[in-house]
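This report refers to the structure that appears directly beneath it.
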Protein chains: 2
Amino acid sequence: MISPTEENYLKALFALSQNKDGVTANELSKHLDIKMPTVNSMMKRLADKGLVNYESYKPFSLSVEGKRRAALIIRKHRLTEMFLVQKMGFEWDEVHPIAEQIEHIQSDIFFEKMDFLLGYPHTDPHGSPIPSLEGELPIIINKKLSDCIVGQEVTFNAVSNSSPEFLKFLKDKKMALGLSFTIVNIEDYDGSVDIKIQDLPKVTLSKIVSDKILVV
Amino acid sequence: MISPTEENYLKALFALSQNKDGVTANELSKHLDIKMPTVNSMMKRLADKGLVNYESYKPFSLSVEGKRRAALIIRKHRLTEMFLVQKMGFEWDEVHPIAEQIEHIQSDIFFEKMDFLLGYPHTDPHGSPIPSLEGELPIIINKKLSDCIVGQEVTFNAVSNSSPEFLKFLKDKKMALGLSFTIVNIEDYDGSVDIKIQDLPKVTLSKIVSDKILVV
DNA sequence: AATATTTGTTAGATTAGTCTAACTTATTGT
DNA sequence: ACAATAAGTTAGACTAATCTAACAAATATT
Ligand SMILES: [Mn+2]
Ligand SMILES: [Mn+2]
Ligand SMILES: [Mn+2]
Ligand SMILES: [Mn+2]
């Protein structure tokens, strides 16, 4: 068996190893806000269970089985977030802390029901892909709004950061997933982006914001 | 703060002290399937936290605050069971183990949403009352079917035991809460009860079953 | 009343998950 | 190349939650 605590470590390992080979003790420690010796002994424990590859003084990585387990926890997390928003009337900036707990519920049928009631969704409320039951995470080809060029028409597809503050900021600006708009200007000096949604007055987004907005 | 483990002890204490003053270490130990010394030290811990009254060699009891806390956990458990049945398509014999986990989720708004979506129900899917937000448990005046007399017309209101086996048995017999029927005979020898639902052929229920069926 | 049995308590061990302090290895800057 | 700094590891302590073994108190049986 695998405890909620161990599940959280696997998830962190998975998240931090996107676009990278391994994860250092330091990174993990900072990300989880847990001291390095604690992280270290947990990595050894997960290595004993065959979920993590551990070699002294080298970055950690997930084993194939560890990767599968992590993806399944992320699946439960994202299904939960979607369920909370679509079926229970939560806002997208409220769901993360609740999903952080519910992802550890041990009941396959519970998440199957969610999946069914939601109509087998492919993304969570923040546009992140939901891993399959086999633990496969489809790669979605989004790019940062800050990497786009003037004149392009794009659709807001996901956010790369789900902090409540950022999500609330977007909600207040009426920026929701699926929204299409045209890039009318990108300021050379500070990288801020002006966008135009149909014939509404143009909106200016700072680089800090446009870096976290993913579009197609 | 109070851990899920501590919450389960409070709940057990609450359940076992219905129609009684105190709960012995032995009872608790058997009910939770945890050895007596463990129970004993947990009782001391909860006494330190002001939730349990502990005196050596005396049965334990919940403090006023302990009783309130226990009722609120039971509230979450029962709201969850109702939500699983009414909103997620579960059967009444499937929900207990899931609710046993979800009752520990720390999010007031999560249970408020459930309550709202359910239309503020007063009972769970087994007819047990849902404690109020203040931790008050309304007393419901049901009586055992086995204590009724021949000729009475009664309504099936609750079960006093929610084991999956018993619930499945009732489901197979098409006995659902709210069903009204007449008691046509009670066998002196073994206490079995014959009931008649409108003009359907009569059904015989053993004493073991009629003891667990609560009616008004 | 004396003894046997059951119930409750204490003591000590174990595992999970965390920490701080001290030490070792790797990396960086001069 | 070598010293300084950063990163990783080991050792030892602590709390929560569990156990077994041993002992003490209460209750039941004869
Ligand atoms: Mn999330
Ligand atoms: Mn979590
Ligand atoms: Mn239940
Ligand atoms: Mn529980």
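A note on names: the letters A, B, ... follow the listed sequences, proteins ahead of strands, and every chain is numbered from 1.
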(message) Under the rule for side-chain contact (heavy atoms from CB on, under 4.5 Å), what residues qualify as partners of B:Val216, not counting sequence neighbours?
(response) B:Ile141, B:Asn142, B:Thr155, B:Asn157
(request) Quickly work out the B:Glu55 CD to C:dG8 C1' distance and round it to whole Å. (result) 14 Å
(request) Using atom CE of A:Met43 as one end and atom C1' of D:dG8 as the other, report the distance to the nearest whole Å. (result) 13 Å
(request) Scan nucleotides 12-24 of chain D nucleotide by nucleotide, 5' to 3', and note B when protein non-hydrogen atoms come under 4.0 Å of the base, S if they reach only the sugar-phosphate, - if neither. (result) ----SSBBBB---
(request) Please list, chain by chain and in numerical order, all residues satisfying side-chain contact (heavy atoms from CB on, under 4.5 Å) with A:Glu134, sequence neighbours excluded. (result) A:Ser132, A:Glu136
(request) Check whether the side chains of A:Ser146 and A:Asp211 place a donor and an acceptor atom closer than 3.5 Å, and report yes or no. (result) yes
(request) Find the distance B:Asn26:CG to C:dT5:C1' and express it as a whole number of Å. (result) 12 Å
Which side-chain N or O atoms in residues 8-18 of chain A pair as donor and acceptor under 3.5 Å with protein atoms at least two apart or in another chain?
unit_1	atom_1	unit_2	atom_2	d
A:Asn8	OD1	A:His104	NE2	3.0
A:Lys11	NZ	A:Glu100	OE1	3.2
A:Lys11	NZ	A:Glu100	OE2	2.8
A:Lys11	NZ	A:Glu103	OE1	3.0
A:Lys11	NZ	A:Glu103	OE2	3.1
A:Ser17	OG	A:Leu13	O	2.5
A:Ser17	OG	A:Phe14	O	3.3

(request) Rounded to the nearest angstrom, tell me the gap between atom OH in A:Tyr54 and atom C1' in D:dT10. (result) 10 Å
(request) Would you list the pairs meeting ring pair (Phe, Tyr, Trp, His ring centres under 6.0 Å) in which at least one residue belongs to residues 37-63 of chain B, sequence neighbours left out? (result) B:Tyr54-B:Phe60
(message) Regarding B:Lys44, tell me which of base, sugar-phosphate or nothing describes its non-hydrogen contacts under 4.0 Å with the strands shown.
(response) sugar-phosphate
(message) What residues from residues 13-22 of chain A pass a heavy-atom cutoff of under 4.0 Å to DNA chain D?
(response) none
(request) May I have the distance from B:Lys58 (atom NZ) to D:dT27 (atom P), rounded to whole angstrom? (result) 10 Å
Pairs under 3.5 Å (N/O, protein and nucleotides 2-5 of chain D):
none

(request) Any salt bridge (charged side-chain N to carboxylate O under 4.0 Å, His left out) involving residues 17-32 of chain A? Give me the pairs, sequence neighbours left out, ordered by first then second residue. (result) A:Lys20-A:Glu27
(request) Would you give the length of the straight line joining atom CG of A:Asp172 to atom CG of A:Leu167, rounded to the nearest 0.5 angstrom? (result) 11.0 Å
(request) Could you note down all residue pairs passing side-chain hydrogen bond (donor to acceptor under 3.5 Å, both in side chains) where residues 105-121 of chain B supplies at least one of them, sequence neighbours left out? (result) B:Arg75-B:Asp115
(request) Sort and list the pairs that fulfil ring pair (Phe, Tyr, Trp, His ring centres under 6.0 Å) and have at least one residue in residues 68-87 of chain B, not counting sequence neighbours. (result) B:His77-B:His96
(message) Applying side-chain contact (heavy atoms from CB on, under 4.5 Å), can you list everything that pairs with B:Ser192, at least two apart in sequence or on another chain?
(response) B:Glu187, B:Asp190, B:Thr204
(message) Run the side-chain hydrogen bond (donor to acceptor under 3.5 Å, both in side chains) test against A:Lys171 and tell me which residues pass, sequence neighbours left out.
(response) A:Asp93
